[in-house]
Amino acid sequence: MSQKQTHAFQTEVSQLLHLMVHSLYSNKEIFLRELISNASDAIDRLKFESLSNDSLVEGKDDPNIHIDVDKDAGTITIRDNGIGMNQDEVMENIGTIANSGTRKYLESLDKNQAQDSNLIGQFGVGFYSSFIVSNSVTLISRKAGDKKENGTKWVSKGKGEYSIETIEVEDCGTSITLDIKKAENEFLNDHRIRGIVSKYSDHITVPIMMIKSSEDEKLIEYETINKATAFWAQDKKELSQKDYDEFYKSLTYDFDGPLTQIHNKLEGKLDYTSLLFIPRKAPFDMWEPKRKGGVKLYAKRVFIMEGNEELLPQYLRFIKGVIDTDDLSLNVSREILQGSKVVDTIRKASVKRILSELDKMSKNKPEDYAIFWKEFGMVVKEGVVEDFANKDKITNLLRFATTTNDTEEQTVSLKDYVERMNDDQKSIYYVTADNYAAAKGSPHLEIFKQKDIEVLLLSDRVDEWLVANFGDYEEFPLKSIAKGDLEDLDSKEDKKKKEKTAKDFEKVISKVQKILENQVKEVKVSSRLSESPSCLIADENEMGSNMERIMKSLGQDVPETKPILEINPKHPLVKKLKTKVDKDLVKVLFDQAVLSEGGQIKEPAEFVKRMNKLMLG
């Protein structure tokens with residue numbers, strides 16, 4: 001037995017403990033849900049690890065979770081015969097928070113959000129919820145396969161530090177004993193505990209055991225208090241929406257039920273069951289690079305792994321659920337999954353069903369689809385690039401903000417857009433920007449407003465990749481209004497006028513070009529502006545300014561390109577150039593064009609001086 005050591009919690013853990021104890025008072029009972037879930041995961045891990053190392057299974061007892069309530073001592077103990085932890089793992093898992101998303105969560109959490117206790121499990125910090133109801137928590141654990149004398153005892157009052165020591169532990173697994181606060185003694189009531197288990201953990205596939213009520217106090221007999229059956233294996237005809245909602249909540253720790261679920265059982269060449277849920281709300285870590293998917297893989301009811309990218313593509317990473325197949329061996333590894341025809345078939349069928357269900361929702365339940373798109377639309381857009389085989393199906397799901405709707409809500413499909421196109425229109429027009437307001441206020445839109453042509457307003461970061469890889473929709477190409485010429489909008493008469501104006505401004509353009517030779521590739525008379533004096537455009541095949549900014553923000557090297565400056569010959573400031581090509585005015589016109597498209601000017605102080613000088617005349 002080693003000497004007891006005392007350690008301070010990582011800063012983020014101390015924050016979290018303070019948050020748990022002082023803010024999460026609206027639904028204290030979730031501590032039991034969290035501890036049972038952790039115990040169930042530990043048992044699943046042992047089942048999986050023992051497939052390749054049967055020496056890990058030490059006892060003859062079937063996997064189970066025991067809950068013991070001691071009213072006299074004022075304690076609750078939750079113990080499992082799962083994988084257990086060694087001392088290093090206890091310190092790593094209990095003493096620190098490794099997930100960067102959790103740190104961001106703590107930094108951004110305000111008091112109202114903190115009261116939503118259903119967030120806890122989603123952030124992988126459920127163990128700490130024990131301190132909501134406890135004076136102190138004692139954890140005793142031994143990892144399966146380790147010697148009995150290598151057990152670990154961890155104790156903390158949740159006030160910034162914990163003690164840890166090596167002790168002898170007879171059985172592998174973990175037991176957690178909570179010294180319940182006097183104010184929370186309702187949780188020492190046997191019926192109260194059973195009610196919480198029924199509410200949150202009924203569908204845990206591991207038996208949860210409690211002592212059976214008996215008149216003979218000396219007789220100790222345990223009984224199973226949960227259903228302990230694989231929910232997804234039940235006949236869907238016998239399940240209500242409430243059943244699905246409750247299982248979903250127990251699986252995901254979500255407070256609300258899902259938008260919908262897809263429950264299928266297939267028998268034939270492949271035997272498998274899939275129960276997939278489309279959530280109402282995006283998880284906090286949806287954009288974390290290391291985030292795992294939310295689908296659990298089972299083989300013959302035995303949990304194998306979670307979050308493997310082979311099960312569903314990345315653009316469907318928000319899907320939660322279970323896939324259980326009889327056609328995989330229990331000792332399957334992640335490497336084997338990568339080349340598995342079984343998994344490939346299941347993946348293709350699952351993607352097809354999910355996209356079909358979303359298509360049905362968009363047509364039959366537009367209100368639900370609006371909720372879905374607001375939460376997950378940006379992720380679905382990734383699918384256009386990622387999943388070429390299903391590009392057409394994904395395209396039909398896309399929604400956009402446009403100049404027709406005076407709102408940033410993305411509600412317009414490409415089908416809607418094409419149906420409203422002018423008869424002589426040859427392209428689907430779009431503009432990209434950092435945000436909706438910048439897209440809506442883009443000077444490039446002026447000619448389109450005049451001609452009553454709808455334009456897609458794209459402000460999601462993924463939109464640049466979407467349009468770059470999109471191709472055509474129903475033979476109509478997507479065309480940026482901030483790139484190249486817009487000659488397809490000009491009538492013969494417009495073209496004649498444009499040529500005449502360009503000739504009139506030849507000398508002006510030549511002088512402006514000389515002044516800005518280090519900043520622009522070319523200066524042109526614009527036919528796309530009606531109100532603004534100037535704007536910047538890119539060549540048809542060059543990277544646009546918005547894409548350049550995104551790439552630079554990601555730390556990518558961007559080839560140096562110069563934009564084209566277009567000036568509006570009808571604007572009073574540009575007309576002044578015909579009298580005198582003033583250098584300050586030319587530079588102000590360029591800087592204004594940079595600002596109007598969301599860019600940053602290189603010399604803001606010089607810009608202010610020039611503006612002041614021009615205003616003073």
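Positions are given from 1 along the sequence.
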Next on the checklist: Could you tell me if the side chain of I394 sits less than 4.5 Å from the side chain of Y315, heavy atoms only?
Outcome noted: yes
Next on the checklist: Under 4.0 Å between a side-chain nitrogen and a carboxylate oxygen: does that hold for K496 and E499?
Outcome noted: no
Next on the checklist: Could you check whether any side-chain heavy atom of K578 comes within less than 4.5 Å of a side-chain heavy atom of D504, counting everything from C-beta outward?
Outcome noted: yes
Next on the checklist: Please tell me whether Q261 and Q241 have a donor and an acceptor in their side chains that are separated by less than 3.5 angstrom.
Outcome noted: yes
Checklist entry - What are the two closest non-hydrogen atoms of R347 and P313, and how far apart are they? => result NH2-CB, 3.5 Å
Checklist entry - Is there a donor-acceptor pair closer than 3.5 Å between any side-chain N or O of D416 and the backbone N or O of S413? => result yes
Checklist entry - Backbone N or O of A282 within a donor-acceptor pair of the E375 side chain at under 3.5 Å? => result yes
Checklist entry - How many angstroms lie between atom CD1 of I323 and atom CG of L311, to the nearest 0.5 angstrom? => result 5.0 Å
Checklist entry - Does atom NZ of K524 have more than 12 heavy-atom neighbours, drawn from other residues, nucleotides or ligands, at distances under 6.0 Å? => result yes
Checklist entry - Does the pair D235/K265 count as a salt bridge with the N-to-O cut at 4.0 Å? => result no
Checklist entry - Any side-chain heavy atom of M611 within less than 4.5 Å of one from V588? => result yes
Next on the checklist: Does atom CG (N422) have a neighbourhood of more than 12 heavy atoms from anything else shown, all under 6.0 Å?
Outcome noted: yes
Item to check | Polar side-chain atom of S427 near backbone of K479 as donor-acceptor pair, under 3.5 Å | outcome: no
Item to check | Derivation and outcome, side chain to side chain contact (heavy atoms under 4.5 Å, CB included), residues L573 and L614 | outcome: CA-CA 11 Å; L573 286 175; L614 289 170; over 6 Å; no
Item to check | Steps toward side chain to side chain contact (heavy atoms under 4.5 Å, CB included) verdict (F247, L275) | outcome: CA-CA 11 Å; F247 176 69; L275 175 53; 3.7 Å; yes
Checklist entry - Does the distance from a Lys or Arg side-chain N to an Asp or Glu carboxylate O, for K249 and D245, drop under 4.0 Å? => result no
Checklist entry - At their closest point, which heavy atom of S527 faces which heavy atom of E566, and how far apart are they? => result N-OE1, 4.4 Å
Checklist entry - Are the side chain of T404 and the backbone of E454 linked by a donor-acceptor contact shorter than 3.5 Å? => result no
Checklist entry - Counting only heavy atoms not in K511, do more than 12 fall under 6.0 Å of its NZ? => result no
Item to check | Lys/Arg-Asp/Glu bridge criterion (N-O < 4.0 Å) met for K449, E446 | outcome: no
Next on the checklist: Has E357 got a side-chain atom pairing as donor or acceptor with I262's backbone, closer than 3.5 angstrom?
Outcome noted: no
Next on the checklist: Checking K269 against D327 for the salt bridge (charged side-chain N to carboxylate O under 4.0 Å, His left out) test, could you report, in this order, the C-alpha distance in whole Å, the side-chain angles of both residues, the deciding distance, and whether it holds?
Outcome noted: CA-CA 9 Å; K269 287 183 179 179; D327 294 286; over 6 Å; no
Checklist entry - Do side-chain atoms of N568 reach the backbone of K570 as a donor and acceptor pair under 3.5 angstrom? => result yes
Next on the checklist: For K497, is there an ion pair with E493 - N to carboxylate O distance below 4.0 angstrom?
Outcome noted: yes
Checklist entry - Between F476 and Y473, does the ring centroid distance fall short of 6.0 Å? => result no
Item to check | K391, NZ: over 12 other non-hydrogen atoms inside 6.0 angstrom | outcome: yes
Next on the checklist: Can a donor-acceptor pair be found, under 3.5 Å and without considering hydrogens, that links the side chain of Y429 to the backbone of L445?
Outcome noted: no
Item to check | Expected output: side-chain T345 to main-chain K341 donor-acceptor under 3.5 Å | outcome: yes
Next on the checklist: Tell me the closest heavy-atom pair linking K426 and P477, and the distance in Å.
Outcome noted: O-CD, 3.4 Å
Item to check | Under-4.0 Å salt bridge between K320 and D254 | outcome: no
Item to check | Under 3.5 Å donor-acceptor, Y298 side chain and V322 backbone | outcome: no
Next on the checklist: Run D368 and T260 through side-chain hydrogen bond (donor to acceptor under 3.5 Å, both in side chains) and show every step you take.
Outcome noted: CA-CA 9 Å; D368 282 355; T260 190; over 6 Å; no
Checklist entry - Any idea which heavy atoms bring V385 and W465 closest together, and the distance? => result CG2-O, 3.7 Å
Checklist entry - Can a salt bridge be assigned to the pair R317 and E382 using a cut-off of 4.0 Å between side-chain N and carboxylate O? => result yes
Next on the checklist: Does any part of the side chain of L565, heavy atoms only, come nearer than 4.5 Å to the side chain of L536, both counted from C-beta?
Outcome noted: yes
Checklist entry - Which distance, rounded to the nearest 0.5 Å, do you find between the CD1 of I447 and the CD of E531? => result 11.0 Å
Checklist entry - Please walk me through it: do V351 and D387 pass side chain to side chain contact (heavy atoms under 4.5 Å, CB included)? => result CA-CA 10 Å; V351 169; D387 188 359; 3.9 Å; yes
Checklist entry - Is any side-chain heavy atom of V384 less than 4.5 Å from a side-chain heavy atom of L398? => result yes
Checklist entry - Which distance, rounded to the nearest 0.5 Å, do you find between the CZ of F590 and the CD1 of I567? => result 13.5 Å
Item to check | Test side chain to side chain contact (heavy atoms under 4.5 Å, CB included) applied to I278 and I319, step by step | outcome: CA-CA 6 Å; I278 298 173; I319 296 289; 3.8 Å; yes
Checklist outcome for this item: In terms of heavy-atom contacts, P279 and F376 come closest through O-CE1, 3.4 Å
Item to check | P443 versus C535, closest heavy-atom pair with distance | outcome: CG-CB, 4.1 Å
Item to check | Interatomic distance, H444 atom NE2 to K483 atom NZ [nearest 0.5 angstrom] | outcome: 11.5 Å
Checklist entry - Taking the side chain as C-beta and beyond, is there a heavy-atom pair between V380 and W373 under 4.5 Å? => result yes
Checklist entry - Are D460 and K381 within salt-bridge range, i.e. N to O under 4.0 Å? => result yes
Checklist entry - What distance do E464 atom CD and S459 atom OG have between them, rounded to the nearest 0.5 Å? => result 11.0 Å
Checklist entry - Do K587 and D591 sit within salt-bridge range, that is, some charged N less than 4.0 Å from a carboxylate O? => result no
Item to check | Presence of salt bridge, D584 and K613, under 4.0 angstrom | outcome: yes
Checklist entry - Would you say E522 and Q513 make side-chain contact, with heavy atoms under 4.5 Å? => result yes
Next on the checklist: Strictly distance-based, threshold 3.5 Å: is any side-chain N or O of K562 a donor or acceptor partner for the main-chain N or O of E517?
Outcome noted: yes
Item to check | Verdict with supporting geometry, S240 and D243, side-chain hydrogen bond (donor to acceptor under 3.5 Å, both in side chains) | outcome: CA-CA 5 Å; S240 66; D243 293 329; 3.1 Å; yes
Checklist entry - Are side-chain N/O atoms of T395 and D392 paired as donor and acceptor at under 3.5 Å? => result no
Checklist entry - Considering only heavy atoms from C-beta outward, does the side chain of K576 approach that of T579 to under 4.5 Å? => result no
Item to check | Interatomic spacing from NE2 in H263 to CZ in F277 - rounded to 0.5 Å | outcome: 8.5 Å
